[in-house]
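Worksheet: the structure to be examined is printed underneath.
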Amino acid sequence: MNICLCSISFRHELVSFGELIEFADRTGFQGIELWGVHAKSLLRERRQELPGLMERMEARGLGISMMSDYVDLLAPEDRTRQLLQRWAALLELAQPFRARKIRIFAGDRPSHTATERDWALCVDRLGQLAGMAAEAGAQLVVETHPRTYADTLDATLRLLRDAGRGDIGINLDFLHLWESGTAPLEAYRALQRWIVNFHVKNVARPEQAGLFEPANVFSPSGKRDGMSALAQGAIDYTPVLDRLHQDAAPHPIAIEWFGEHPFARLEEERRWLAGWSSPGREAAHAHG
C-alpha cells in the first residue's frame, strides 16, 4: 500500500518540514500530503531551502502525494475572476513541491440545498478549474465532505457525471461518506474510476463524527476524545482494505490523525495499514 501522512496532523505542533521528512522516511511512509497553509509558509520562509528539501525527499523515495487547499467554488458570479486567480495561485504554489494533485471542496453548502442555478455554476467552475489544472500539468481533486456538493455518494456521482470530464479526481474520505450512510466498500466500488486518493480516519461512536467539523478540528481547544485508531473505531475498514489489497490499488492512502500525539499515532496507524499486505495476514486469510 502507498501510505502517506498528512501534514495537517501537525497543525498545532512545532515541527519543521525537515523533521516530517525524517519521520516519514524512518517509519516507512511513502509520501506526505501537504496542507496548503504549510506550503505557503514554507515558500515564504524557506524558499531558498526548498529545492534541497525536495531533493532529500526524492532521494529517500518520498514525494508530495497531494496538496490540500480551499477555494470559494460557490462565490457569487461577479467574483469569478477572483476565484480563477486564486486557483491559478494554487497551481503555481504546487509547482515547487512537485505536487500534481490539488484537493479542494465542492463548495461550502449541503448538496440538498443546491438550486439548479447553483449546481450549474458549480459544475461549470469545476470544468474551468480542471482545464486550468490540466494545462499546468496538474489535476483537480474533489474531496467527499459534509456540507459540500460532494457530501453524499449520489451527489458526488451526479457532480462528476454533470461535469463530464475524465480529469477530475476524487479524494474518497471514507468516514465522511460513511456518516452520510454509505459503507466504505460501497463508496469505493461506486467511485473507483475517479478515485486518486483516500483519506482514512475513525471515530469511537457514529454520533461522534461531528468531531471532524472544521470548527472543532482547527481549534487548539477542540474536543479530541472519540477520535479513534483505525482498527478500533465504529467504521469497520476490513472489507474495503481487503478489496484495496486485492485490487493492488495504487492510489495514496493518507492517514488523517487530528488528535494528540501525532508522531506516535501516525506510526501506529501506518503499521496497522501496512499489515494488510503482510505475508502473515495473507496466510491467515488462506486458512480462515
Exercise. Begin with the C-alpha distance, continue with both residues' side-chain angles, and end with the deciding distance and a verdict on side-chain contact (heavy atoms from CB on, under 4.5 Å) for L5 and R270.
Key: CA-CA 9 Å; L5 65 86; R270 191 216 66 83; over 6 Å; no
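- A heavy-atom distance below 4.5 Å is found between the side chains of R109 and D118.
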Quiz prompt | Steps toward side-chain contact (heavy atoms from CB on, under 4.5 Å) verdict (V200, I235) | solution = CA-CA 10 Å; V200 290; I235 301 175; over 6 Å; no
Quiz prompt | L153/S180 under side-chain contact (heavy atoms from CB on, under 4.5 Å): CA gap, chis, key distance, verdict | solution = CA-CA 8 Å; L153 179 57; S180 75; 5.9 Å; no
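- Contact check on R60 versus E22 returns a salt bridge, with a Lys/Arg side-chain nitrogen under 4.0 Å from an Asp/Glu carboxylate oxygen.
- Side chains of E13 and P262 form a contact here, defined as non-hydrogen atoms less than 4.5 Å apart.
- Heavy-atom neighbours of R98 CZ from other residues, nucleotides or ligands within 6.0 Å: above the threshold of 12.
- In this structure, OG in S111 is found 3.5 Å from CG in D151, a value given to the nearest 0.5 Å.
- Listed here is the closest heavy atom pair of L84 and M132: O-CE, 3.6 Å.
- Classified by interplanar angle (parallel below 30°, tilted 30° to 60°, perpendicular above 60°), the ring pair F198/F174 is parallel.
- Closest of all the heavy-atom pairs between A106 and L73 is CA-CD2, 3.8 Å.
- At least one side-chain heavy atom of R117 sits less than 4.5 Å from a side-chain heavy atom of E77.
- Not one N or O on the side chain of R11 forms a donor-acceptor pair closer than 3.5 Å with the backbone of H38.
- No side-chain donor-acceptor contact under 3.5 Å links R86 to the backbone of V71.
- A ring-ring contact (aromatic ring centres under 6.0 Å, His included) check over residues 130-151, counting only residues at least two apart or in different chains, returns the pairs F105-H145, W119-Y149, H145-H176.
- Aromatic ring centroids of W35 and F218 lie under 6.0 Å apart.
- For R243, the side-chain hydrogen bond (donor to acceptor under 3.5 Å, both in side chains) partners at least two apart in sequence or on another chain are D247.
- Note that CD of E143 is 8.5 Å distant from OH of Y70, once rounded to the nearest 0.5 Å.
- Using a 4.5 Å cut-off on side-chain heavy atoms (C-beta onward), T182 and T144 make no contact.
- At a threshold of 4.5 Å between side-chain heavy atoms, the hydrophobic network of Ile, Leu, Val, Met, Phe, Trp and Tyr places V123 and L121 in two separate groups.
- The line from CD1 of I8 to CD of E256 is 6.5 Å long, rounded to the nearest 0.5 Å.
- At most 12 heavy atoms of other shown residues, nucleotides or ligands fall within 6.0 angstrom of atom CD in E92.
- More than 12 non-hydrogen atoms from other residues, nucleotides or ligands lie less than 6.0 angstrom from CD of Q128.
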Self-check item: Worked verdict on F10 versus L266 for side-chain contact (heavy atoms from CB on, under 4.5 Å)
Solution: CA-CA 11 Å; F10 299 87; L266 286 170; 3.6 Å; yes
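- Enclosure of atom CD in Q48 is not indicated, since only 12 or fewer non-hydrogen atoms of other residues, nucleotides or ligands lie within 6.0 angstrom.
- Using a 4.5 Å heavy-atom cutoff, the side chains of W272 and I3 are not in contact.
- Counting all heavy atoms, side chain and backbone alike, S228 lies closest to V203 at CB-C, 3.7 Å.
- Side-chain atoms of E269 and L273, non-hydrogen and from C-beta on, never get closer than 4.5 Å to each other.
- Within the 3.5 Å criterion, the main-chain N or O of K223 finds a donor-acceptor partner in the side chain of N216.
- By the 4.5 Å side-chain criterion applied to Ile, Leu, Val, Met, Phe, Trp and Tyr, V141 is assigned to a cluster that also includes M66, V196.
- A 6.0 Å sphere centred on NE2 of H261 holds no more than 12 heavy atoms belonging to other residues, nucleotides or ligands.
- In this structure, L140 CG and W87 CH2 are separated by 4.5 Å, a value rounded to the nearest 0.5 Å.
- Using a distance-only test at 3.5 Å, with no hydrogens or angles considered, no donor-acceptor pair links the side chain of T27 to the main chain of E267.
- In this structure, K201 forms a cation-pi arrangement with F212, its terminal cationic atom sitting closer than 6.0 Å to the ring centre and no more than 45° off the ring axis.
- Contact of the W276 side chain with the L244 side chain is not registered, since no non-hydrogen atoms from C-beta on lie closer than 4.5 Å.
- Taking each heavy atom of A249 and Y188 in turn, the nearest pair found is CB-OH, 4.4 Å.
- The minimum heavy-atom distance linking M67 with A39 is given by the pair SD-CB, 3.9 Å.
- Two residues are said to be in side-chain contact when any heavy atoms from C-beta on lie closer than 4.5 Å; S68 and E33 meet this criterion.
- With no hydrogens or angles considered, no side-chain donor-acceptor pair links Q246 and D242 at under 3.5 Å.
- Residue I255 holds its CD1 atom at 12.0 Å from CG of N202, rounded to the nearest 0.5 Å.
- Atom CG in L93 sits 6.0 Å away from atom CG in L43 (nearest 0.5 Å).
- Annotation for G18 and L53: closest pair CA-CD2, 4.2 Å, computed over non-hydrogen atoms.
- In this structure, E49 contributes its side chain and R47 its backbone to no donor-acceptor pair below 3.5 Å.
- For the residue pair T238 and D236, a side-chain donor N or O sits within less than 3.5 Å of a side-chain acceptor on the partner.
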